[in-house]
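Heads up, the thing below is written out as structure tokens.
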Amino acid sequence: YDLVVITSAEEDAFVYDRIAADNFGDTWIGLSDRADEGTFVWVDGTAIDAYEHWDDGEPNDGGGEDCAIILREPERRRTKWDDRPCQTRYDYVCEIN
């Protein structure tokens, strides 16, 4: 298993619906720019070319934010992505690789 890779709006909606149904909070997805600051890639090595769903002004690398989450709160930001420090504790969603 690896953190989930999201490549379409449909997959993004499916993942969000699952984390909402399970009452997760903000949730890790498999996207980061740890290898090359400002260049986000998925855990399987694919680029973020086809689909992305960042919140306004994100990613912003505010203080070493290198890993991505799907936001659950506040409501106005729900379903959008944000970058956060990788060591922060959040729920996470995985898929079989």
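Note that the structure is a prediction, hence the values are computed from the model and not measured.
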About how many Å separate CD of E95 and CD1 of I29, when rounded to the nearest 0.5 Å? 11.0 Å

Among all residues two or more places apart in sequence or in another chain, which pass the salt bridge (Lys or Arg N to Asp or Glu O under 4.0 Å) test with D56? none

Identify, with sequence neighbours excluded, every residue that meets salt bridge (Lys or Arg N to Asp or Glu O under 4.0 Å) alongside E10. none

Do the side chains of R84 and D82 get close enough for a salt bridge, i.e. N-O under 4.0 angstrom? yes

Got a sec, which residues hit salt bridge (Lys or Arg N to Asp or Glu O under 4.0 Å) with R34, two or more places apart in sequence or on another chain? none

Residues in salt bridge (Lys or Arg N to Asp or Glu O under 4.0 Å) with D91, at least two apart? none

Should E73 and R78 count as an ion pair when the cut-off is N to O under 4.0 Å? yes

Verify the ring-centre separation between Y16 and W81: is it less than 6.0 angstrom? no

Measure the CD1-OG1 distance between I69 and T27 for me, rounded to the nearest 0.5 Å. 8.0 Å

With sequence neighbours excluded, tell me which residues meet ring-ring contact (aromatic ring centres under 6.0 Å, His included) with Y92. none

Can you name the side-chain hydrogen bond (donor to acceptor under 3.5 Å, both in side chains) partners of N97, sequence neighbours left out? D2

As a quick check of understanding, evaluate ring pair (Phe, Tyr, Trp, His ring centres under 6.0 Å) for Y51 and W42, giving each step before the final call. CA-CA 11 Å; Y51 177 79; W42 294 103; 8.7 Å; no

Rounded to the nearest 0.5 angstrom, the CD-CD1 distance for E52 and I6 is 12.0 Å

